[in-house]
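Reckoned from all heavy atoms, side chains included, excluding hydrogens, waters and symmetry mates.
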Amino acid sequence: MLKNISVVLFRTKYPENVGSTARAMKNMDCSNLILVTPPLWSMDRAMPLATAKAHVIVEKAQIFPDLKTALAGQTKVYGTTARTGGRRKGVLTPATAAPLIIQQLKNGEKVALVFGPEDKGLTNKETQLCSRLINIPTSDESSSLNLSQAVLILLYECFKEALDAPFTPSGPPEERPTTFEEQEILAANLQETLLAIDFLKEDNSDYWMLPVKRFMARIDIKRNEFNLLMGICRQIKWIIEKSKKIIDNKPERPSQ
């Protein structure tokens with residue numbers, strides 16, 4: 001879906017930022033990179049920051065002498081700005097711009113996202129070439145974003161909006177609940193272990209075990225947690241048995 005988006009970098013000062021922007025574009029399945037009069041362009045400096053998968057984006061980047069020429073053929077142009085107010089009214093955020101952009105792409109339009117120089121951004125003259133402006137909200141104490149960060153944020157919102165279904169991480173496999181039999185086995189094992197470490201006393205141990213069983217019922221132990229607790233019990237009982245053998249085999253000290 002993002003293949004009809006062009007990322008336009010206007011007078012980007014540092015080739016390294018072009019490389020890291022290409023990497024961000026590759027992450028979001030966007031491949032059209034346009035450079036407008038980059039003052040210190042060097043593909044050798046850009047490539048290391050692009051990483052191997054995004055090299056082709058840098059290699060195929062188009063370079064134009066001015067912004068008007070670079071935007072020829074685009075049907076919608078979104079400029080980015082850190083400043084608002086004055087002439088820059090009706091500014092969108094990435095989240096509010098993304099649905100508009102994706103709908104325009106679905107309608108067969110070509111969309112350009114324009115990013116200005118790292119130190120100054122787009123001037124009023126350049127923003128007048130844009131259909132709409134987008135501002136990325138940031139902390140008042142630190143509002144400056146790296147160029148590739150800004151590109152990634154905007155493309156991420158578009159990528160997320162373009163998905164057929166909301167993305168949900170798969171996470172670890174769901175473990176089944178323990179059965180009644182397993183719960184009884186675990187409770188018996190815990191009771192033996194608690195007796196072995198003298199936490200429970202032999203006298204009426206079943207009664208004093210009841211709070212532990214109620215606690216186990218509340219936390220809904222899963223099968224993997226059952227295995228974990230059974231392993232802990234085995235290890236504790238093994239250490240106790242080992243300690244007993246050491247004590248039993250310890251020679252008595254001779255009487256004085």
Side-chain angles (χ1 to χ4, degrees), residues 16 19-30 47-55 94-95 136-139 141-142 144-146 148-153 155-157 159-256:
E16 290 82 359
S20 54
T21 293
R23 179 179 182 180
M25 292 171 61
K26 188 66 176 178
N27 290 145
M28 297 297 124
D29 197 25
C30 177
M47 283 301 195
L49 275 295
T51 68
K53 289 186 178 180
H55 280 181
I136 300 174
T138 56
S139 165
E141 296 180 2
S142 182
S144 176
L145 287 171
N146 176 270
S148 62
Q149 291 176 327
V151 172
L152 182 61
I153 290 170
L155 289 180
Y156 165 73
E157 290 293 343
F159 181 84
K160 185 172 63 170
E161 185 68 26
L163 294 174
D164 294 330
F167 173 74
T168 52
S170 58
E174 185 66 26
E175 289 287 343
R176 69 167 176 82
T178 48
T179 64
F180 172 77
E181 291 83 1
E182 289 167 340
Q183 293 164 21
E184 289 296 297
I185 291 169
L186 177 59
N189 225 309
L190 279 172
Q191 186 167 351
E192 289 176 10
T193 306
L194 295 176
L195 281 166
I197 62 174
D198 208 27
F199 183 84
L200 294 179
K201 304 298 182 184
E202 289 284 354
D203 183 29
N204 210 7
S205 64
D206 288 342
Y207 174 78
W208 296 111
M209 188 63 190
L210 287 175
V212 178
K213 296 183 75 171
R214 293 192 196 104
F215 170 72
M216 290 167 58
R218 284 201 309 274
I219 60 176
D220 189 25
I221 295 172
K222 306 295 185 185
R223 174 66 200 202
N224 61 323
E225 296 163 338
F226 167 87
N227 293 335
L228 172 68
L229 291 171
M230 289 289 286
I232 291 172
C233 290
R234 283 195 300 272
Q235 189 69 11
I236 290 172
K237 288 189 280 188
W238 178 80
I239 291 173
I240 291 171
E241 288 299 318
K242 185 178 179 182
S243 300
K244 286 180 179 178
K245 289 179 181 178
I246 292 173
I247 293 171
D248 292 343
N249 295 330
K250 188 176 181 180
E252 294 184 5
R253 294 179 63 184
S255 57
Q256 297 295 325

How far does [atom1] of [X] sit from [atom2] of [Y], to the nearest 0.5 angstrom?
| X | Y | atom1 | atom2 | value |
| --- | --- | --- | --- | --- |
| R23 | T51 | CZ | OG1 | 5.0 Å |
| L229 | L186 | CG | CG | 5.5 Å |
| L155 | S148 | CG | OG | 11.0 Å |
| L194 | Q191 | CG | CD | 8.0 Å |

Keeping the roles fixed (side chain from H55, backbone from M47), state whether a donor-acceptor pair exists under 3.5 Å. yes

Under the 3.5 angstrom rule, does the side chain of Q183 hit a backbone N or O of T178 as a donor-acceptor pair? yes

What pair of heavy atoms forms the shortest contact from [X] to [Y], and how long is it?
| X | Y | result |
| --- | --- | --- |
| K213 | A187 | CE-CB, 4.1 Å |
| L195 | L200 | CD2-O, 3.5 Å |
| Y156 | M28 | CA-SD, 3.6 Å |
| A54 | A22 | CB-O, 3.5 Å |

Can D29 and K26 be counted as an ion pair, charged N to O under 4.0 angstrom? no

Passes side chain to side chain contact (heavy atoms under 4.5 Å, CB included), L152 versus M25? Steps please. CA-CA 7 Å; L152 182 61; M25 292 171 61; over 6 Å; no

Worked verdict on L145 versus T138 for side chain to side chain contact (heavy atoms under 4.5 Å, CB included): CA-CA 9 Å; L145 287 171; T138 56; 4.1 Å; yes

Atom pairs and distances, side-chain donor-acceptor, residues 219-227, under 3.5 Å, sequence neighbours left out:
| unit_1 | atom_1 | unit_2 | atom_2 | d |
| --- | --- | --- | --- | --- |
| D220 | OD2 | K222 | NZ | 3.2 |
| R223 | NE | N227 | OD1 | 3.3 |
| R223 | NH1 | E182 | OE2 | 2.3 |
| R223 | NH2 | N227 | OD1 | 3.3 |
| E225 | OE1 | K222 | N | 2.7 |

Could you go through residues 234-243 and list every donor-acceptor pair under 3.5 Å that involves a side-chain atom there, pairing it with any protein atom two or more places apart or in another chain?
| unit_1 | atom_1 | unit_2 | atom_2 | d |
| --- | --- | --- | --- | --- |
| K237 | NZ | N189 | OD1 | 2.7 |
| K237 | NZ | E192 | OE1 | 3.0 |
| S243 | OG | I239 | O | 2.9 |

Quick check: do I185 and M230 have side-chain heavy atoms less than 4.5 Å from each other? yes

